[in-house]
Student: 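I'd like to ask you about the structure that follows.
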Amino acid sequence: MIAGPEAYRLKFFLDNGFTRKQCKMCKRNFWTLDPERELCGDSPCVPYSFINNPPTKRSFNIKEMREAFLSFFEKRGHTRVRRYPVVARWRDDIFLTIASIACFQPHVTSGEVPPPFNPLTISQPCIRMNDLDNVGKTGGRHLTIFEMMAHHAFSSKENEVYWKEDTVSYHHEFLTKDLGIPGDEIAYIEHWWEGGGDAGPDLEGIVRGLELSTLVFMQYRKINGAYRELPLRIVDTGYGLERFAWISQGTPTAFETIYGRLFEDLLKISGIERPDPKVLAEATKFAGMMNIVDEGSIRAARERVASTLGMDPASLDSQLKPFEILMAILDHTKTLAFMLGDGIVPSNVQAGYLARLMIRRVKRMMDYAQISKPLSELLAMQVSYWGDQFPELIENLDYIVRVADLEVARYTKTIDQGKSLILRIIKDPEIKRRGALPLNQLIQLYDSHGLPPEIVKAVSEPHGIKVDIPDTFDTMVAELHSSSQSSKKEDEDILQDLPPLPQTELVYYYEPKTKRLKAKVLYSDRTRVILDRTIFYPEGGGQLSDTGSLTVDGRQIRVINVQKSRGIVVHFVEEIAPIKEGTYVECLVDWERRVALMRHHSSTHILLGAARRVLGEHVWQEGAQKSVEKSRLDISHFEKISPSQLREIEVLANKVVQECRPIRAYFEDRNKAEQRFGMRLYQGGVVQGPTIRVVEVEDWDAEACGGIHCSNTGEIGLIKIIRSERIQDGVERIEFVSGEQAIRFIHSQELTLQEISRILNTPAERVEKATAKLMEEFSTSKRQIERLRKILAQRVSTELSLRSEKIGGITLVKGTLEDLSNEDLIPIASQIVERDHNALAILVSKVDGSVVCMAGEGATGRGLNAGKITEVFTRSMGGRGGGKSDVGQGRVPLETLDRFEQSIQSIKNIIEGLNKNKSQ
RNA sequence: GGGCCGGUAGAUUAGUGGCAGAUCACCUGCCUUGCACGCAGGGGGUCGUGGGUUCAAGUCCCACCCGGUCCA
């Protein structure tokens, strides 16, 4: 959809002498004060003209520009809002905050929740990974992390705040009055915006070739290709802070403006030389004109710059390339400082994976630029550079440094191991013969072992193995994964075939201690009962449902499961004859179960608070499950929780239990709760609605949670951690038990110990020592046995050899052995054939009937096959066996041992047959 | 959330269902007054765990544990 021209024909434009024009190059329509203007003013139609020539009345650094913007809007009735984290934990559709409006999606933009202030202004750090490859190559047009300054207004029919006119008027006033940009230099391009399912017309503010801002008027929701009016009309603006500061300074690239002294420091550290500013300025101008950034367009731009400057393209490239890498490093390290600073734990899934991707990418770049300083040090430099504007980064510096070091170590290890893997693979004779690495190997090395093809190439080619990297490599990897896509289970609708019913009154929320309740039946079939109100807690938030009974006319019906959907609670019961509507029943909750569940649930909150205090602020709940017997809490953390940390968490949690802190559960306005407790509220995941239920353990933890809790931590009694495990990279699981279950657990531990102590015949306190000694003895005994076996083998083999029989050139050594089993026979047979290469040894154990047959080199040389012989022999004894030419093993039933000599005779026949064939 | 790869001696690892090996490190002796490369000998393994198939499993099947890695 494209809006008609009336969508952009603003009174503001008409009153102030703007005219609407169409760009001669790109054919887009735009509004301008300059009647002579023919081009829209955006690149690539027009090259950058602000470099060394800023249009503003003075230069602003990042901090000054941000302040100028926010205070401008503050003075005009907007409330300044603190920035949100760069990790979008309140969203389940995106991992990172990609725009200022993302902070208010989906609840505010859908109209469900009012905005915290209206109108508001914010400068929101945003991270976008989609332009990664372009960062550094376009002089600063592409950044992974940037701040989106914005003013937002949310208007509804009842509450009109402001719309297009005021938005553009504010924009124009800010640019012209506060920044001093001449009005006739600002162009407004008409454009249509769509994002995240929302859509609307927008105007792009362009100055001297640079798009500075986007003024979006969100008013449609796109559903199945059709546009429907949104309940709200939302002013969604985005002013690129970095671009504003850049244009005001007119530096050759945006990076000088953004990073100031940090830029100089990194130049020094890397020893990379700054290209001639003229060259740089020229390169940036042309980079700005590239529509699509790829190898081809970069090369073309380079060639043009080179010819403009009268330079050789190759030397221009060698001057610019390291510098571009440096700029990308600046960008990526800032991104990482924010990602880690906001508590992302690197991992192999979700947002954590993006952090890992960044770390590995920037590490490769640092290697290229030969920066020997650790990554963590560059991050620390970023933190100190941005610290005055983002003090929370300084607070989390320890974590940032620690995790960066850890991740780099992991990466280095992966690469090192990978290199030796490559060397092993290319030793393969088939690959050696072809002199090239097959493509599937290359893909597998990347997919399974994380080895980028460039590294494979660099390692293989010195060994004469060619590696072809196809252009479509990334696509091929992607295809590997596309085959089996998500198999999301559709939730069954528990309300299927039901008549429309009112929402159930949730009595358990305000009377959590009520065990009995009279309620009216609104609906019933053979397995489902719906009441007007209930004290049964339905499954949700990781807490299992209550069970219990419903009593009707003295008849008790078991409630086996309770679920909630669209505000209606469904009691699943053992099959019954449906109860008549309007009948009153008495609900009775299985109280023991409920108490166990409550204790476990409250414990989860307490443990989370304890884990956060022991391990750090990056700890978030990744999942939880509370059952009657035990519970588990999954938290984000970057390494295995050590036993001592685990104990510390346990001690701290139990301290909270002993302190008998009140646990309060209450409904609260979403914005108020967020202001009071921050994003920490959303531990359990995305929560819907304008009011949320807050569960607060006094001065310890507060979470948005729908579960039922103890009213006091003391009711839990005891929290005992059972174990912890790593369920995936970056996520640790803590299993624990509370209350009665905790006592039971300790009892069972005790019983185990008592049992061990009984078996070892040692007092419990000395079990440790006794076990260690036992293991020691076990180990020496094993060695002893091996030694004795050798001696035994020596003796027995000699003995048996004395009774050997010569058949042709073969020495047949046979025997049934008492008290010896398979493991003993092997060395004996081995001895025999070692001593006499023409020997064939057949040994049978009288203990377990196992058969070992070995043939010496000479014997096999004559065509004797120990495996075959074993097969024949064991078969004739009624057993089974087989093997290779030099060794065979098998087993025969003990009852048939008296047929031994008989069976040996058939072996003799084979040997003789062999000789006959030979002599013929 | 969906895949893929791997787990064998302290480290790096080989191993067709049939006697668990190599290299480095370690120990002892010799040689050489020593500088990753001298020689000989030696110690060190619950083959991740638990089931199953089999006369026989490091090897095949299943489940679990641990590690790595890619994608969304």
Side-chain angles (χ1 to χ4, degrees), chain A residues 92-95 129 346-354 356-357 360 410-411 413-421 423-425 427-428 440-441 443-453 473-489 622-623 639-640 723 725-729 731 733 775 778-780 782-783 786-787 789-790 793 821-834 841 843-845 848-855 865-871 873-875 877-894:
Chain A
D92 53 9
D93 51 345
I94 50 173
F95 297 130
M129 308 277 276
S347 90
N348 53 3
V349 291
Q350 304 189 342
Y353 178 62
L354 300 180
R356 175 162 291 169
L357 206 73
R360 298 191 167 195
R410 268 186 198 149
Y411 177 62
K413 196 176 153 202
T414 296
I415 295 299
D416 285 350
Q417 284 181 343
K419 281 179 183 166
S420 76
L421 179 66
L423 292 179
R424 261 180 285 136
I425 286 175
K427 269 191 204 147
D428 182 272
N440 62 344
Q441 291 267 23
I443 293 174
Q444 211 219 348
L445 279 170
Y446 177 68
D447 197 38
S448 299
H449 303 282
L451 291 166
F473 184 79
D474 290 339
T475 326
M476 297 170 105
V477 174
E479 268 166 20
L480 211 62
H481 295 275
S482 61
S483 52
S484 58
Q485 271 302 321
S486 63
S487 56
K488 251 187 195 161
K489 269 183 271 169
E622 295 287 321
E639 61 185 3
K640 211 172 174 74
R723 65 183 198 136
E725 61 177 321
R726 182 119 81 125
I727 57 163
Q728 64 175 222
D729 214 359
V731 182
R733 171 166 294 171
M775 287 310 288
F778 172 66
S779 178
T780 42
K782 250 193 338 189
R783 263 175 271 149
E786 273 310 309
R787 202 164 305 144
R789 240 181 217 146
K790 270 186 200 161
S821 61
N822 186 262
E823 297 91 59
D824 308 307
L825 301 189
I826 290 169
I828 296 170
S830 190
Q831 283 275 344
I832 292 168
V833 299
E834 249 166 64
L843 309 177
V844 182
S845 157
D848 55 7
S850 62
V851 178
V852 171
C853 171
M854 284 197 199
N865 186 315
K868 286 266 166 61
I869 287 173
T870 311
E871 208 178 318
F873 177 77
T874 50
R875 283 281 155 85
M877 302 268 290
R880 294 192 61 189
K884 297 189 298 188
S885 66
D886 58 334
V887 57
Q889 288 178 48
R891 194 161 290 218
V892 294
L894 291 174

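This one's a predicted model, so the numbers in the text were calculated from it and none came from an experiment. Lettering of chains follows the sequences in order, A, B, ..., and the numbering in each one begins at 1.
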Student: Assuming nearest nucleotide by heavy-atom distance, tell me which of A/Arg360 and A/Leu421 is located more 5' along RNA chain B.
Tutor: A/Leu421

Student: Could you grab the distance from atom CD1 of A/Ile832 to atom CG of A/Leu825, nearest 0.5 Å is fine?
Tutor: 9.5 Å

Student: Does A/Met854 reach the side chain of A/Ile826, with side-chain heavy atoms less than 4.5 Å apart?
Tutor: yes

Student: List every contact pair, protein side and nucleotides 6-8 of chain B side both N or O, where the distance is under 3.5 Å.
Tutor:
none

Student: Examine distances only and state if a side-chain atom of A/Ser448 and a backbone atom of A/Leu445 form a donor-acceptor pair shorter than 3.5 Å.
Tutor: no

Student: Got a second to check how far A/Ser420's OG is from A/Leu423's CG, nearest 0.5 Å?
Tutor: 7.0 Å

Student: Hey, does A/Ile425 have a side-chain heavy atom less than 4.5 Å from the side chain of A/Gln444?
Tutor: no

Student: Would you mind reading off the distance between A/Asp729 atom CG and B/C70 atom C1', rounded to a whole angstrom?
Tutor: 13 Å

Student: In Å and rounded to the nearest 0.5 Å, what is the CG to SG distance from A/Asn865 to A/Cys853?
Tutor: 9.0 Å

Student: Tell me: CG of A/Asn348 to P of B/G1, nearest whole Å?
Tutor: 11 Å

Student: Taking B/U32 as the reference, what is the distance to B/U49 when you measure between their C1' atoms (whole Å, please)?
Tutor: 50 Å

Student: How far does the P atom of B/A9 sit from the matching atom of B/G21, given to the nearest Å?
Tutor: 14 Å

Student: Give me the distances for all protein-to-nucleotides 10-12 of chain B N/O pairs that come in under 3.5 Å?
Tutor:
none

Student: At under 4.0 Å between heavy atoms, what does A/Arg875 touch on the DNA or RNA strands: base, sugar-phosphate, or nothing?
Tutor: nothing

Student: Minimum heavy-atom separation for A/Ala855 and A/Val833, please, with both atom names.
Tutor: C-CG1, 3.8 Å

Student: Kindly say whether, by distance alone, the side chain of A/Asp447 makes a donor-acceptor pair under 3.5 Å with the base of B/U69?
Tutor: no

Student: Once you apply the 3.5 Å cut-off to both distances, tell me the Watson-Crick or G-U wobble partner of B/G17, or none.
Tutor: none

Student: What are the atom names and distances for every N/O pair under 3.5 Å that joins the protein to nucleotides 51-61 of chain B?
Tutor:
from, atom 1, to, atom 2, distance (Å)
B/C55, OP1, A/Arg880, NH1, 2.5
B/C55, O2', A/Arg891, NE, 3.1
B/C55, O2, A/Gln889, O, 3.3

Student: Given side-chain contact (heavy atoms from CB on, under 4.5 Å), test A/Thr870 with A/Gln889 step by step and report yes or no.
Tutor: CA-CA 7 Å; A/Thr870 311; A/Gln889 288 178 48; 5.7 Å; no

Student: Using whole Å, what does the distance between atom P of nucleotide B/G68 and atom CD of A/Gln444 come to?
Tutor: 18 Å

Student: Tell me the interatomic distance from A/Ile832, atom CD1, to B/C19, atom P, rounded to whole angstroms.
Tutor: 17 Å

Student: Should B/A22 form a Watson-Crick or G-U wobble pair with both distances under 3.5 Å, which nucleotide is its partner?
Tutor: B/U12

Student: Taking only the P atom of each, what is the distance from B/G7 to B/G15 in whole angstrom?
Tutor: 10 Å

Student: Across all strands shown, which nucleotide pairs with B/C31 by Watson-Crick or G-U wobble geometry, both distances under 3.5 Å?
Tutor: none

Student: Restricting to salt bridge (Lys or Arg N to Asp or Glu O under 4.0 Å), what partner residues turn up for A/Asp886, sequence neighbours left out?
Tutor: none

Student: To the nearest 0.5 Å, how far apart are OG1 in A/Thr874 and CZ in A/Arg891?
Tutor: 12.0 Å

Student: For B/G41 and B/G48, measure between their P atoms and round to the nearest Å.
Tutor: 30 Å

Student: What does A/Thr414 touch in the nucleic acid at a heavy-atom separation under 4.0 angstrom: a base, only the sugar-phosphate, or nothing?
Tutor: sugar-phosphate

Student: Could I get the full list of salt bridge (Lys or Arg N to Asp or Glu O under 4.0 Å) partners for A/Arg733, not counting sequence neighbours?
Tutor: A/Asp634

Student: Using the C1' atoms only, state how far B/C66 lies from B/A25, rounded to an integer number of Å.
Tutor: 25 Å

Student: Distance between the P atoms of B/C39 and B/C47, in whole angstroms?
Tutor: 33 Å

Student: Which one is paired to B/G45, where only Watson-Crick or G-U wobble pairs with both distances under 3.5 angstrom count?
Tutor: none

Student: I want to verify a distance call: between B/G68, B/C70, B/C19, whose nearest atom is closest to the A/Arg410 side chain?
Tutor: B/G68

Student: Tell me, please, which residues at least two apart from A/Tyr411 pass ring-ring contact (aromatic ring centres under 6.0 Å, His included).
Tutor: none

Student: Taking atom P in both B/U53 and B/U59, what distance in whole Å separates the two?
Tutor: 15 Å

Student: Between A/Met129 (CE) and B/A72 (C1'), how many Å, whole number?
Tutor: 13 Å

Student: Measuring from atom CG of A/Asp729 to atom CZ of A/Arg356, what distance do you get when rounded to the nearest 0.5 angstrom?
Tutor: 4.0 Å

Student: Within the structure provided, determine whether A/Met877 and A/Val851 are in side-chain contact (heavy-atom separation under 4.5 Å).
Tutor: no

Student: A/Lys868 has an atom NZ; how far is it from atom P of B/G18, in whole Å?
Tutor: 16 Å

Student: Quantified in whole Å, what is the P atom distance between nucleotide B/C60 and nucleotide B/G6?
Tutor: 10 Å

Student: Just how far, in rounded Å, is P of B/A72 from CG of A/Leu354?
Tutor: 9 Å

Student: Can you check the A/Leu423 CG to B/A14 P distance for me, whole Å?
Tutor: 13 Å

Student: Can you tell me the base-pairing partner of B/C60? Count Watson-Crick or G-U wobble geometry only, both distances below 3.5 Å, and say none if there is no partner.
Tutor: B/G52

